[in-house]
Amino acid sequence: MSSEAIIDANHITRRFGGLVAVDDYSLQLMHGDLVGLIGPNGAGKTTAFNLLTGVLKPSSGTIRVADIDLTGRPPHVLARHGIARTFQNIRLFNDLSVLENVMCGGHMRYGAPLLATLLQIPSFWRSEQIIADRSTEIVELTELSALIHRRAGDLSYGDQRRLEIARALATEPVALLLDEPAAGLNASETRILIDLIRKINEELKIGVLVVEHDVHMVMGLCRRVQVLNRGKLVAEGTPNEVQSDAAVIEAYLGTRRKGAVHA
Amino acid sequence: MSKTAPEAEKASPLSGFSVAVATVAVVAFAVWLAQISLSAYLGTLLALLFINVALAVSLNLTNGLSGLFSLGHPAFMTIGGYSAAILTYPERRKSVMLPDLPEFLATNEVALFPAVLAAGLIAIVVAIVVGFPVLRLRGHYLAVATLGLIVIVQNLATNWSGITRGGSGLSGIPRLTTIWWAFGLMVLVIAVTWRVKFSSLGRAMMATRENPLAAECAGVSTFRVRMVAFVLGAFFAAIAGALLVHLISVITPKTYSVLLAFNLVVMVVIGGTGSISGAVIIAAGLTVLSETLRPMEESLGLYGMSQVIVALSLILILFFRPQGLFGSGEPIFIRRFFSGRFLG
């Protein structure tokens, strides 16, 4: 559609056998956008997410990133075009240190090829230096400096969530997709996380899509909200518009059955 | 640079290199002393030890760093062994032993170095061809597929008798491998694995090992990274196989068997998957152990005792220290010693 859209997903559908997990979902994520994707359990949020990041291939529909058709391409190709993500169930490189985890994100942009690595020619040391410097910056930005040499698997839950974001940032994305980043965090950790997401969005000018269970967090954070129910997009708009939408209320609270006893 | 950057980054790349060169020189001097003072048998044993270390470390590159559970090493060793043996085989004996060789092979006799190099290159080609389907498999499936590769290569060696002389194998291969060849291979394999491990490429490999999906989403082409690890491992396996046949001067389709794959995997697991130091120490230790136990096995009639000890220690390690003796890292003093590298 618009050439401004970083991610332009058009009518994507994904079937698992007879089940339509995501049905005719569309998303235009603009530069610097901050969009929330909410919906009840099993609504297809994570599936939509996996479709957008190439982890799953859509049964139909197209995904364009910065006007390049990347439908059905593997995740590392989408990452190369600037799509970074985190996972609902944290997936870190547990045996590597915090810094090494972040450095892995920089590999595709700056990593030296095999021959340069084996011969250790000057360009190898330069690229290692760039990766180390950038990763250190990102570790500082995400306030993980104190833990930089700790094993990722040994971090607390909240720190692991931030490390996942740090690793995603190291891929130098134009769009960052966060899958339930606040899941399992306490109130103060959630506040730190919200500040970090704002900082990423406003200072780094990275478009953010947040999948969230916590409606309040999304409403306070996002400028635009999409609501998914049973795989279908039932509402889209500003937080205020969405909150008063009948379809959204139905999705979250259900419809009152006729003749049901009202307690 | 920021204040939180690891201190190792400040060290010059050259200091690490010169420490490594100095270490190699010292060890080489020790090898030279050993060579002039030891019997021929012990000299051969030392060469065997070096080749075993090279094999274990190269398998660690494939299995330990990138988490591929490949058992394919013996297959590539067989390919390398036959390729090099056919190339170096004395021309006058080829007409007797291998009368069906193609013209260009039958009339040529090559020195060890080009033969070994050719063996490695052939293994690279085979690894790429095999890697395309096989590296899409995960975990145990990959193990089974590479096990199948051993069987395929063995059968090929048995039945392609025009080239390989079939099941009876090739004997009388010139004994060209000296202790220095074995030592050189070991140094090369350790240096390559070390450089890969402490590089962006190595981190991408370890990321692939730790969590393939997350690595993929962080922009790592897991297939390509696995392919690089697999091909490097195959290259070194073939060279080791080639040097070994020129040490023991015979090769049959069964010289490098599934049992060898098991032994190598055990070395990697006991040493710690991904740990270069662990692979070196365990490979050297097990080689010495099995050789020193051999006379005892013979006098007591307890044949296979060393195998039992190896298997038992594997079980004990899996029970009490599943990450292996050294985990996936290098001991601090070794990293300090070779510092001058990132996170070194």
Could you go through A:L92 and B:E210, starting from their C-alpha distance and side-chain angles, then the distance that decides it, and tell me whether this counts as side chain to side chain contact (heavy atoms under 4.5 Å, CB included)? CA-CA 8 Å; A:L92 289 170; B:E210 295 288 306; over 6 Å; no

Side chain to side chain contact (heavy atoms under 4.5 Å, CB included) assessment of B:N211 paired with A:N94: CA-CA 8 Å; B:N211 200 318; A:N94 284 334; over 6 Å; no

Extract all donor-acceptor atom pairs below 3.5 Å that involve side chains of residues 213-220 of chain B and protein atoms in other chains or at least two apart in sequence.
residue: B:E216; atom: OE1; partner: B:T222; partner atom: N; Å: 3.3
residue: B:E216; atom: OE1; partner: B:T222; partner atom: OG1; Å: 2.8
residue: B:E216; atom: OE2; partner: A:H76; partner atom: N; Å: 3.4
residue: B:E216; atom: OE2; partner: A:H76; partner atom: ND1; Å: 2.6

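Contacts of A:I131 with chain B are made by side-chain atoms alone, with heavy-atom separations under 4.5 Å and no backbone atom involved. Only the side chain of A:T171 comes within contact range of chain B, with at least one heavy atom under 4.5 Å from a heavy atom of that chain. Only the side chain of B:V228 has a heavy atom closer than 4.5 Å to any heavy atom of chain A. In this structure, the portion of A:L119 lying under 4.5 Å from any heavy atom of chain B is its backbone and not its side chain.
Contacts from residues 152-163 of chain A to chain B, taken as heavy-atom pairs separated by less than 4.5 Å, involve no residues at all.
Of the residues considered (A:I83, A:D95, A:L114, A:N101), A:D95 shows the highest number of contacts with chain B, using heavy-atom pairs under 4.5 Å. Note on B:A204, B:S221, B:G274: by heavy-atom pairs under 4.5 Å with chain A, the leading option is B:S221. Between chain B and the options A:R109, A:M108, A:R91, the largest number of non-hydrogen pairs under 4.5 Å is found for A:R91.
For B:Q323, the side chain to side chain contact (heavy atoms under 4.5 Å, CB included) criterion is met by B:R321, not counting sequence neighbours. Partners of B:N63 under the side chain to side chain donor-acceptor pair (under 3.5 Å) rule, at least two apart in sequence or in another chain, do not exist in this structure.
No donor-acceptor pair under 3.5 Å is formed between the side chain of B:R203 and the backbone N or O of A:E100.
With a 6.0 Å radius and a threshold of 12 heavy atoms from other residues, nucleotides or ligands, A:R151 has its CZ atom above the threshold. Counting heavy atoms of neighbouring residues, nucleotides and ligands inside a 6.0 Å radius, atom CZ of B:F223 exceeds 12 of them. Other residues, nucleotides and ligands contribute over 12 non-hydrogen atoms within 6.0 Å of the CZ atom of A:F16.
B:S200 approaches A:H107 most closely through the heavy-atom pair OG-ND1, 2.7 Å. Between B:F198 and A:F124, the shortest heavy-atom distance links the atoms O-CZ, 4.1 Å.
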